[in-house]
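In listed order, ligands and their atoms are each counted from 1.
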Amino acid sequence: MKIRWHKLRRRAVRLAVILFVAALLGVAARADRPYAPTRDYHLENVRVVLHFDLDQRKVIGDVTHTLTMLRAGVTHLDFDCAELTVSSARVNGKDATFDLHNEKLSVQLAQPAKSGEKFTVELKYEGKPTSGLYFILPDKDDPGRAKEIWTQGEAEDTHHYIPIYDYPNDRTTSEMILTVPADWITVSNGKLLGVQDAPDGQKTWTWRQSQPVSTYLISFVAGEYKEKKETWHNIPVTFNVPRGMEDTIEPTFRHTKEMLDFFSDRFGVAYPWDQYAQTAVHDFVASGMENVSATTLAARDMIHADLSSEKPEAADGLISHEMTHQWFGDLVTCKDWTNTWLNEGFATFGATLWQEHYYGADASQYSLWRDKNAWVQSKELYPIPIVTRDINDSVEYVGNVYDKAGWVIHMLREQLGDDAFFRALKHYLEVNRLQNVVSADLAKAIEESSGTNVDLFFDQWIYGAGAPRFTVRSSYDEATKKVSLNVKQSQKIEGHVGLFRVSVDVAITTSRGERLFPIEVSKADETFAFDVDGPPVMVLFDKGDKILKTVDFQKIPEDWIRQLQTASEVPDRADAAIALGLLRDNEAAANALGEAAQHDRFWGVREEALRALGRMNSAPARKQVLSALSNDQPWVRAVAVEQLGRFHSDDDIAKRLQKLSSEDKAYAVRGAALQSLALGKSPSAEPILEKAMGMSSPQDVLRSAALRAMGSLGDNSVVPALLEWSSPGKPSALRSIAIGSLGRADLKNHDITARLISYLNESSFDIRFAAIFALGRRGDPTAIEPLEAMLKSGGSVGIGVPHAVEDLIEQLKGKAAQQKGAAAADAKNGDAAAASTTGNQEVIDRLDRLEQTIGEMNDRLRKMEASMNAGGKSD
Ligand SMILES: [Zn+2]
């Protein structure tokens, strides 16, 4: 699953929401089941017949389970079942008594079962689920919207619309029979067997998934969608979008068939299913979900034709992630959530693999470098191993099973070499085909296929936590012509973190060229000596950034400049850019960064150079950023414009930004200019933002940017506009952004808090989610009660979110107590609201981390995140 990452506060990003959160990954859904349950039976087939009452948002179902007993003496058959009312149960055609308790439906057997005995169990039921199955229907915000019904099974939500065994450690074939209005289409798993007329102007669609899969991968989508149908190797490949979004099909999905070829070839196992459907749905709770043979995607992540030239890699990050899951996750599935990295780590890795293939090694290395930097900065992730049963803090956990696990697989590839690595993947997929696995199955497959023992590797990277923190110092002895390199592992050895044993390439360049010295580092403190032919001009520890780690390697500014200018690998140049950005008053550093910002051969290094200049924040840096505004790649230009928001605003900058905000040919640049104007508190900003609210643009990117910028402006004069745009009746995506900006506006105004509280009751998940985050930012204790009520009502706020909301309530309570104390101590001028705002920082940080952790590794999103961080914060 590609978690959606809600970037409420982030600019440059359309809100509506992406990657997660909500939705986080299912791991968070049921932290109470880190161990797979013991099974009484094996599901052979699940036949689901559904129809719907749209007015009531109700599903009416009839499910028939065919199952085989795995043990003798069982007296009743248990199914997971939530939010559903079961009206009848029949076992082998005879009525049976049943009991529904604690999300467990127990169907009584006439006599104790024998091992191997087969049963058919038919259950009739109906319900109005708040998770698992979602109705997206016209409402006052959007009376003309397409009607949609879609499902989301991961982690354990399938049992909210089908009473079923709902844990990954079993696999079943399935049939999905859906009766819907005649002008709808449906998409489900496997093969479409037929569409027949049904009473009342409806049609019945019959789908069959003939290879067994875990039940969280069962899905359907039904509604007013438009389908584009192609074929690939004789199977249907379809692209489905809500009506009105047909223009997004080509720019979003154009590489699908090439990817199917690529992954079939690279993984050594042909694409295994009867079709590959990709369907975009509105208000999806994630960015994407790898339902077997029928991926569901968020409509908000589709690429608008007029914006596709502004995205370096279109939606390929998302498309390739979900497609990789069709092998890693669907064909071979984790047995329990503890082993989710076998799904998500490979999907993350697969996206990088596609990037390397299609966009080149510079692009994939840059993604990895950024993933690494995000991961090493997360203190919460560091002490937790990728595989852990202790998943109480599942939010943090998510960052390990995506980012870190993707990196670990990348390191495994480096260690084994391509030939052995891809042979191992093929073997792993073949021997575990249509089965459920744990981490040891991968280690075993690698050893069987390549002879390489990876036990140590798994111990330190999969079952152990952290990553090495290296301190490196080098010196050169002219007399002996030796470079000496002292390497310390300075991470604290505690808990699951130990010393690491890793192979590292040291690259030393002299006037005669570069030489590579492979070394193995395993001790806390060791010194290596290398014979060279003269004084070194560049020393790289772990050339090309092959190891997940941090490095403190002190170099003089001239050395960093040389590294920025001459290192052959992107990560080494990007590291140099970061180091130079710390040399605030060094004009030569600013000039070198300026040169790189305009002329580095890879756009990612240009962006890093610009961000470094923004952090420098000096007069020479300002000059260099202004010179880089002419960059012809719009996403690089947008980063340059974002940096301008960090410099002390003057007339010159304000005029440039004003011009860019109305004249640049890229919408991303125009949006970035609005944000920078707001951050610079330019007096002209407010009228320009108001004016931008009147402009139409594809996917409303300009209005979105203006609403987001209003949150950064720190001027109460925009509050009326924000309140207006947050109101019911405005487009949902814009409402969410306006709500996010209200989280930062006029913090003492309780009326704003009250308005945000009223949004907690809305049916739209996106609106509720935006309101929760905005209330967290405001730190107003009057939000405590309504937030508690919302949690109690059990309405879906997204996986992982309740946890954060609980934290938020706790912090707000602390603030309330603090305020009382402050008021008593100093009734005259205690500014409780201000105190609460500062004290609330911890919650905000936690919410921020939640957002970030959930964030996925889609490169496009990553870019946006970086630009937000660079432009959206004042530090
Ligand atoms: Zn995924």
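For the Zn ion (ligand 1), the set of nearby N, O or S atoms under 2.8 Å includes one belonging to E344. Using a cut-off of 2.8 Å, one finds that M1 contributes an N/O/S atom close to the Zn ion (ligand 1).
Of the angles at the Zn ion (ligand 1), the one spanning NE2 of H325 and NE2 of H321 is 100° when given to 10°.
Between the side chains of S732 and D766, no donor-acceptor pair of N or O atoms lies under 3.5 Å.
Aromatic pair F349/H410: ring centres not closer than 6.0 Å.
Ion pair K311/D316 not flagged as a salt bridge, since none of the NZ, NE, NH1 or NH2 atoms sits closer than 4.0 Å to an Asp/Glu carboxylate oxygen. Ion pairing between R254 and E230 fails under the 4.0 Å rule for side-chain N and carboxylate O.
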